[in-house]
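Below is one structure, written out as structure tokens; comments come after it.
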Amino acid sequence: MEKNIKNLYEYCDGLNSPIEAFVHTSTPDNFPILPHWHYFFEIIHILNGNTEVICNENIYNLSPGDLIIFCPKHIHSIYETPAEAVSIVKKGLSLTKKACLSPLSSDEIHPKIDKKHGSIQPVPDKNMLSANCDISYQVLKFDLNFLHISGNYKSRFSNMLNIAYEQNPENIFFSKKDLKNYQIYELFEQCIEEIKTRQYGYDTLIGSNIAKLLTYMSRIWISKGVAVDEKVLCASAPDNPFDNITEYIDRHYNEQLQVKELAKMCNMSYSNFARSFRQLYNQSCKEYIEFIRLNRVADLLIFTDLDLNYISQETGFSDCSHLIRSFKQWKGMTPKVWRREYGKS
């Protein structure tokens, strides 16, 4: 990436929040959304207002009921459509104009800087909102690799999305008409509610809803003539040795997993595996394993009365002290306090 593009990185806490779901409503402090990129997929579904969305150099016009998906590392921004243009702009990809990346440095584009993570905050620090702006949209942000869906499905969707975008940049836009047969609003709302309540299995239900949404997108692409070749439909792309490794970790997280053994399963050297895993998942394999274990610990604390010694053994931690240290670093509180705050009454 060019220097100015690197400076548009928005930090997302993939280890603690691999899935986010919420409604974004415009205020002077959070809109417009200035140019940025991140390692997450992001899908927005417009509820109110007319928006001009920029992804890379392409400009899209969205109105209520429309949807757009942003791929990881794609620079995107969201603005209000000028009032005088609402009645004349064509919905979807604009064929008459292109956007250009500003050569300015990140502190000139984004006055708000996240110094802790060396990244930007994609919102203005002064009132850039027009007096009558009333924009709101549902948002899903997710790391595809952390969803509780099969690795083969993730690989197929990623392949299809890349092909669809390469064939026509308009394919990341879905009109209200495209989506008329699907309960899009309800899928978003269920995800948002599950994130709020975090009841048992919330991540599984959210993963299921996102899988539905991605499947609907794939069907729409196929109906529009996106070429689906054998590589997309095959169960596992032969050039991706990580297709099934996270599924293996999910099934065996309570065992004493060794990264060097996981590397052997992928027919890779330890150093190559470790480097490739970090590039793909934006964290180390060891961090991923601990993330899976800690999520299981959190569930057991909330939904069972099992003691910590038993929980540490069941979730693959070397001992109870290791569990407590890791959990406190993750949640900012001890397992005992977490259970008291969030456990069943």
Side-chain angles (χ1 to χ4, degrees), residues 9-22 38-40 72 113-121 141-148 194-204 206-207 242 245-246 248-263 270 273-344:
Y9 166 62
E10 179 198 17
Y11 172 77
C12 296
D13 189 354
L15 187 61
N16 294 316
S17 302
I19 305 172
E20 297 182 41
F22 55 92
H38 42 65
Y39 288 107
F40 277 58
I113 305 296
D114 183 351
K115 295 182 179 178
K116 179 179 179 181
H117 301 106
S119 63
I120 55 91
Q121 298 180 36
K141 288 186 177 183
F142 56 92
D143 186 331
L144 193 61
N145 299 302
F146 283 78
L147 294 184
H148 287 268
E194 289 294 331
I195 285 288
K196 286 180 181 177
T197 59
R198 293 182 182 266
Q199 298 186 56
Y200 177 76
Y202 77 95
D203 50 348
T204 301
I206 291 174
F242 290 98
I245 201 65
T246 55
Y248 181 87
I249 294 172
D250 290 349
R251 291 195 303 268
H252 299 274
Y253 68 89
N254 58 340
E255 302 173 12
Q256 295 304 310
L257 296 174
Q258 299 292 325
V259 176
K260 62 181 180 180
E261 296 301 321
L262 298 175
Y270 173 85
F273 175 88
R275 182 175 60 255
S276 299
F277 195 100
R278 181 176 288 279
Q279 288 175 346
L280 186 61
Y281 297 103
N282 199 31
Q283 52 211 295
S284 71
C285 184
K286 184 178 179 181
E287 288 173 331
Y288 178 86
I289 294 170
E290 186 155 284
F291 168 78
I292 297 299
R293 289 172 174 167
L294 287 170
N295 272 278
R296 180 57 176 157
V297 168
D299 282 347
L300 291 174
L301 289 170
I302 293 175
F303 300 107
T304 76
D305 296 318
L306 298 172
D307 64 56
L308 280 182
N309 283 317
Y310 184 85
I311 290 176
S312 66
Q313 295 171 10
E314 283 295 297
T315 53
F317 283 92
S318 56
D319 53 53
C320 189
S321 297
H322 181 196
L323 184 156
I324 293 172
R325 286 196 306 273
S326 298
F327 195 92
K328 187 174 181 180
Q329 184 178 15
W330 182 45
K331 290 294 187 183
M333 64 181 75
T334 64
K336 183 177 180 180
V337 173
W338 172 267
R339 171 173 269 169
R340 186 171 65 241
E341 291 289 325
Y342 301 101
K344 61 182 184 178

List for me each residue that meets side-chain hydrogen bond (donor to acceptor under 3.5 Å, both in side chains) alongside [X], sequence neighbours excluded, and say none if there are none.
X      : value
Arg278 : none
Gln256 : none
Thr204 : none
Asp299 : none

Once ring-ring contact (aromatic ring centres under 6.0 Å, His included) is applied, do any residues pair with [X], and if so which ones, sequence neighbours excluded?
X      : value
Tyr11  : His117
Phe40  : none
Phe22  : none
Tyr253 : none

If you measure from [atom1] on [X] to [atom2] on [Y], what distance do you get to the nearest 0.5 Å?
X      : Y      : atom1 : atom2 : value
Ile249 : Cys285 : CD1   : SG    : 4.0 Å
Thr334 : Arg339 : OG1   : CZ    : 11.0 Å
Ile245 : Leu262 : CD1   : CG    : 4.5 Å

Results of side chain to side chain contact (heavy atoms under 4.5 Å, CB included) for Leu294 - residues two or more places apart only: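 For Leu294 the side chain to side chain contact (heavy atoms under 4.5 Å, CB included) partners, ignoring immediate neighbours, are Glu290, Phe317, Ser326, Phe327, Trp330.
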
Under the salt bridge (Lys or Arg N to Asp or Glu O under 4.0 Å) test, residues paired with Glu10 that sit two or more places apart: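 Scan of Glu10 (salt bridge (Lys or Arg N to Asp or Glu O under 4.0 Å), adjacent residues dropped) gives Lys141.
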
Any pair counted as salt bridge (Lys or Arg N to Asp or Glu O under 4.0 Å), so long as it reaches residues 253-263, sequence neighbours left out: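 Applying salt bridge (Lys or Arg N to Asp or Glu O under 4.0 Å) to every pair that reaches into residues 253-263, excluding sequence neighbours, yields Glu261-Lys264.
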
Within-4.5 Å side-chain heavy-atom neighbours: Tyr39 and Asp143: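 In short, these two side chains do not touch, never coming nearer than 4.5 Å.
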
Side chain to side chain, Tyr202 and Thr197, heavy atoms closer than 4.5 Å: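 Side-chain contact under 4.5 Å: no.
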
Donor-acceptor under 3.5 Å (Arg296 side chain, Ile311 main chain):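 No, because the side chain of Arg296 does not come within donor-acceptor range (under 3.5 Å) of the backbone of Ile311.
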
Residue pairs involving residues 308-320 (criterion side chain to side chain donor-acceptor pair (under 3.5 Å); sequence neighbours excluded):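 The answer is Ser318-His322.
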
